[in-house]
Number of protein chains: 2
Amino acid sequence: MTPQPGSAGDVLTLISAGSATTRSDLARLTGLARSTISQRVDALIERGLVEETESGESTGGRPPRQLRLHTEDHAFAGVDLGATHCRVALMDISGNVLAECEDALLIGEGPEKVLAHVDQRLDHLLGQAGRPRTALRAIGIGVPGPVEFATGRPNNPPIMPGWNDYPIPEYFEGVEVLVDNDVNVMALGEHRGAFADTKHLLFVKVGTGIGCGIMAAGTLHRGAQGSAGDIGHIRVSGHEDAGCRCGNSACLEAVAGGAAIARRLTELGLPAETGADVVALVQSGNTQALRLVREAGRLIGEVLASLVNFFNPEVIVIGGALSRVHEHLLAGIRETVYRRSLPLATHHLSITPSRTGINAAALGAGILAIEHYLSPDNINRIVNA
Amino acid sequence: MTPQPGSAGDVLTLISAGSATTRSDLARLTGLARSTISQRVDALIERGLVEETESGESTGGRPPRQLRLHTEDHAFAGVDLGATHCRVALMDISGNVLAECEDALLIGEGPEKVLAHVDQRLDHLLGQAGRPRTALRAIGIGVPGPVEFATGRPNNPPIMPGWNDYPIPEYFEGVEVLVDNDVNVMALGEHRGAFADTKHLLFVKVGTGIGCGIMAAGTLHRGAQGSAGDIGHIRVSGHEDAGCRCGNSACLEAVAGGAAIARRLTELGLPAETGADVVALVQSGNTQALRLVREAGRLIGEVLASLVNFFNPEVIVIGGALSRVHEHLLAGIRETVYRRSLPLATHHLSITPSRTGINAAALGAGILAIEHYLSPDNINRIVNA
DNA sequence: CCAACTTCCGCCGAAGATCGAACAAAGGCC
DNA sequence: GGCCTTTGTTCGATCTTCGGCGGAAGTTGG
């Protein structure tokens, strides 16, 4: 229950985080005797979790033997299930992608069909990477709807017919499965990949709909029912006429989501259906589309301005399909946030486009799986077994 | 760094939280041998942190000796500094109030004068409780403005002239001092006092201004600059004409804060200046005042509806001066939140008035001090010294 | 009222974990 | 090549923890 540094799990955490690459580092960081560290490292090597690489640079004495995660024996999968697609990334224990794939897949087909597809893809990718199925330690899955994280069951998801309360982890046998909302895993992936030393971060996904993943104190904030971050249905002023699929009106998503922009473009005589169509129009230089995207940015910025006052994040990352035209979206967002939020909160705030891009969700889901496996508790269990 | 249950600090945490009251409980909860537990408990008793009380109920065998925090040798202070008042509560280590006092005090007098006043009050209360100054282990202070928690320095506080960047802890020698925003300590006090098993809670203070304390995963979320929870300057729709002291317009505080309501009542020919005046008018049955309070509730509810979608708390507690007429305020808040937030987030959400009342801040500040002192790390340091 | 049973708690030898000193290894520096 | 620095291992000493035993202090049942 208390920080008492020194278990094998802690040692591995330090190696995994890159905080320590040699036995001496570990001794210094943990305060343990060098002999004790050696013993811990030996145990980790014996379990195939750590390996020694070439000797490092000498600093005037014997050069230290470098340590790193042993990347051969284990595999992890990150699965990104969207409304109409499925991406799977196979990763090694240090987060490198070994193989990945993407196909069209309708989530509305229901859990059995979709998960069977995922399972088959997993086998395929494992074969491609030359690793046996038994190497697969954990799977992370991001789904487009709220999930009860502890059980991996979707919780009344609006766009996942047939999935309500379906126990996704039970479908896969012999592997640990973690299921979370897609925006949450994107936030996790972005945080670990690009902003690891940031404590409080918001990841805003602007696609067909609008959602937000929340990193608070370095961990995902999921809220009481796992529905935290559902900012798509926050009301924006001056759009009472815009009805939303949720039954209310003036929801952010109903005026600034990709679908909403597409609809308004269609009304202007520019046929568009999806966020991708909007992006295409903007990239073709259409000024109407550009104006609408920037206006959407302002509306999103209005909501984010409130959330900046409330949550006081260090970084806001903008991702999702529409972030492909992020310069215009960001212009609107920044303009509003910096005008409407308190100076203290905005002074050190940065608002940036996603760095992980299209694969954000799959990578984040994989990281969710890896971090679960590498958690000190789990490692101690493995080492002491 | 890892949960490795068993240090003296952990044992004390279990006793303090009431999770364990006997040595057997401790052995069961920690998984340590009974003999080891006895040794830990002995050390804690020797340091004057734990004491044995009467034997408990027998369950068929020898009755266990009950353990509890030793409340005699230590004292902690919680200080609530408002714009115009100062409350100090002296508490024992288990959070019971030994003595308290309240006086009018203008925070604008500046740190030296105000802190000298606090110091004198502390001596007075210690005398009243019959404890020497040396018994005072830690002081928690809540101030009406943003604070850099790590250093205890106010950060550009708007209503605390002369306090900017003043290192409050250094004023007190030989005692640990923790300084935080007043709303934060109120949230902490309310959480520990009434909603200890709640993970995510918002405490909304409606007084002259409007602020919010955030408990996320059982701990205070302070944000990157310690300005999290500053919801008073979130924009509400349809009140563009209402100018706010922050320079923007349509801020929640400028339309629904106690000062704003008082101003509007004055315009209606009902002279009022402060939140207390508003409360008095409502309690006297004035329908104009009642209408305005309810309307203020709706506006606050509009903002909270957004935050419920974003943060997904289990409980929202309403406190502050205006919560004395909470039935009317809450009616407006509930009405709007339940209409505008997503069903998943509101289904198990409860919105209730504060239970700790007028002393919320002083109690919360005291709890901040006590929890700091009782933190496993600190206790281990004390026991191993 | 007393014996049998249950639970609690301290004592103590055994087992295990950690430490630190000494030593070996491997490079840099002159 | 000799000396210095840093790294890593070996090994006995020390400290911690465990768990069995017995005494303490109750309840239960005849």
Side-chain angles (χ1 to χ4, degrees), chain A residues 1-12 14-15 19-47 50-68 376 379-385, chain B residues 1-12 14-15 19-47 50-68 376 379-385:
Chain A
M1 328 182 67
T2 292
Q4 181 176 340
S7 70
D10 294 322
V11 169
L12 189 62
L14 290 168
I15 297 173
S19 315
T21 61
T22 71
R23 291 173 174 78
S24 313
D25 284 350
L26 290 166
R28 223 171 301 123
L29 286 167
T30 60
L32 273 67
R34 287 205 308 282
S35 48
T36 309
I37 290 294
S38 269
Q39 179 190 302
R40 292 284 143 75
V41 171
D42 287 349
L44 289 170
I45 290 176
E46 191 159 347
R47 296 284 169 174
V50 166
E51 63 183 351
E52 288 187 343
T53 65
E54 286 303 290
S55 290
E57 289 283 289
S58 164
T59 59
R62 170 174 175 175
R65 278 186 264 168
Q66 306 271 59
L67 303 171
R68 69 169 178 204
I379 292 300
N380 288 338
R381 212 175 42 73
I382 293 171
V383 171
N384 299 329
Chain B
M1 328 183 67
T2 292
Q4 181 175 341
S7 72
D10 293 323
V11 168
L12 190 62
L14 290 170
I15 296 173
S19 314
T21 61
T22 70
R23 291 172 173 80
S24 313
D25 284 351
L26 290 165
R28 221 172 303 122
L29 286 168
T30 60
L32 273 68
R34 289 187 308 281
S35 47
T36 308
I37 289 295
S38 271
Q39 180 190 303
R40 293 284 144 75
V41 171
D42 287 348
L44 289 170
I45 290 177
E46 191 159 345
R47 295 284 169 175
V50 166
E51 63 182 351
E52 289 186 343
T53 63
E54 287 303 292
S55 291
E57 288 283 289
S58 163
T59 58
R62 172 174 170 174
R65 277 184 266 168
Q66 305 271 58
L67 303 170
R68 69 169 180 206
I379 292 298
N380 288 338
R381 213 175 40 73
I382 293 172
V383 171
N384 298 329

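The analysis underlying the following values was restricted to heavy atoms, covering all of them including side chains, and did not include hydrogens, waters or symmetry mates. Throughout, protein chains are lettered first and strands after them, A, B, ... in sequence-line order, and every chain is numbered starting at 1.
- The interatomic distance linking B/Leu26 (CG) with C/dG10 (P) rounds to 12 Å, in whole Å.
- Rounded to a whole Å, the CG atom of B/Asp42 is 12 Å from the C1' atom of C/dC11.
- A sub-4.0 Å separation between OP1 or OP2 of D/dT17 and a side-chain N or O of B/Gln39 is present.
- Take A/Arg62 and apply the salt bridge (charged side-chain N to carboxylate O under 4.0 Å, His left out) test, not counting sequence neighbours, and it matches no residue.
- Here D/dC15 presents its P atom at 14 Å from CG of B/Asn384, a figure rounded to the nearest Å.
- For the side-chain contact (heavy atoms from CB on, under 4.5 Å) test with B/Arg40, the passing option among B/Val50, B/Val383, B/Val11 is B/Val11; the others fail.
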What one-letter contact string describes nucleotides 18-30 of chain D from 5' to 3', where B marks a base within less than 4.0 Å of any protein heavy atom, S marks contact via sugar-phosphate atoms alone, and - marks no contact? BB---BBBBS---

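- Taking B/Pro63 as the reference, B/Ser55, B/Ser58 meet the side-chain contact (heavy atoms from CB on, under 4.5 Å) condition, with sequence neighbours excluded.
- OP1 or OP2 of C/dG10 lies within a sub-4.0 Å distance of a side-chain N or O belonging to B/Arg65.
- For B/Glu52, the side-chain contact (heavy atoms from CB on, under 4.5 Å) partners two or more places apart in sequence, or in a different chain, are B/Arg23, B/Ile45, B/Arg65, B/Leu67.
- Looking at residues two or more places apart in sequence or on another chain, you find a salt bridge (charged side-chain N to carboxylate O under 4.0 Å, His left out) between B/Arg28 and B/Asp25.
- B/Asn380 has its CG atom 15 Å from the C1' atom of D/dT16, to the nearest Å.
- Atom pair A/Ile45:CD1 and D/dG8:C1' shows a separation of 12 Å (rounding to whole Å applied).
- By the side chain to side chain donor-acceptor pair (under 3.5 Å) test, A/Gln39 pairs with no residue at all, sequence neighbours left out.
- The distance from atom CD of A/Glu52 to atom P of C/dA26 is 12 Å, rounded to the nearest whole Å.
- If you take CZ of A/Arg28 and P of D/dG8, they are 10 Å apart, rounded to a whole angstrom.
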